[in-house]
K.L.:
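Quick one: the structure is below, questions incoming.
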Amino acid sequence: MIGRLFRIFLLFAFIALIINRLFSRKQKRALREVMQISAWVMLGAAAATLIWYLVMLYFKHIPDAY
């Protein structure tokens with residue numbers, strides 16, 4: 001598990017290094033805005049899913065056999 005996380009971290013670091021070297025300032029700013037919007041969308045989807053499962057759990061639609 002630690003090895004997998006370390007590989008993912010190294011992959012992101014490598015991608016960040018490539019972006020830092022190859023892209024201009026304007027492209028980096030645009031990419032940062034896209035990533036920021038994507039992060040907010042993912043956070044909203046995760047929150048909505050959590051709320052949905054809590055509502056389903058409250059009304060006992062999720063079996064306890066997990």
Side-chain angles (χ1 to χ4, degrees):
M1 183 73 179
I2 300 287
R4 185 179 299 160
L5 290 174
F6 188 64
R7 268 187 274 157
I8 291 171
F9 175 75
L10 285 177
L11 178 66
F12 281 130
F14 184 67
I15 290 171
L17 181 68
I18 290 174
I19 288 172
N20 193 27
R21 293 286 181 197
L22 296 180
F23 286 8
S24 70
R25 235 178 245 242
K26 188 175 181 181
Q27 289 171 325
K28 284 186 219 175
R29 190 175 304 121
L31 188 61
R32 182 178 181 273
E33 290 175 5
V34 167
M35 293 303 291
Q36 193 173 18
I37 292 169
S38 299
W40 279 111
V41 168
M42 293 295 277
L43 184 65
T49 303
L50 178 63
I51 290 170
W52 175 254
Y53 276 111
L54 288 175
V55 167
M56 295 296 282
L57 188 63
Y58 180 75
F59 290 113
K60 304 286 187 190
H61 290 293
I62 298 175
D64 295 329
Y66 288 132

K.L.:
Check side chain to side chain contact (heavy atoms under 4.5 Å, CB included) between Ile51 and all other residues, then give those that pass, not counting sequence neighbours.
P.N.:
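Once residues adjacent in sequence are excluded, the partners of Ile51 under the side chain to side chain contact (heavy atoms under 4.5 Å, CB included) criterion are Val55.
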K.L.:
With a 3.5 Å cut-off and sequence neighbours excluded, list the donor-acceptor pairs that the side chains of residues 28-48 form with protein atoms.
P.N.:
residue: Lys28; atom: NZ; partner: Asn20; partner atom: O; Å: 3.3
residue: Lys28; atom: NZ; partner: Asn20; partner atom: OD1; Å: 2.9
residue: Ser38; atom: OG; partner: Val34; partner atom: O; Å: 2.9

K.L.:
When clusters are formed from ILVMFWY side-chain contacts under 4.5 Å, directly or step by step, what else is grouped with Ile8?
P.N.:
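Besides Ile8, the hydrophobic cluster comprises Phe12, listed by chain and residue number.
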K.L.:
Going only through I, L, V, M, F, W and Y residues with side-chain contacts under 4.5 Å, is there a path from Phe6 to Leu11?
P.N.:
no
K.L.:
Roughly how far apart are Ile15 CD1 and Leu10 CG, rounded to 0.5 Å?
P.N.:
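Spacing of CD1 (Ile15) from CG (Leu10) equals 11.0 Å.
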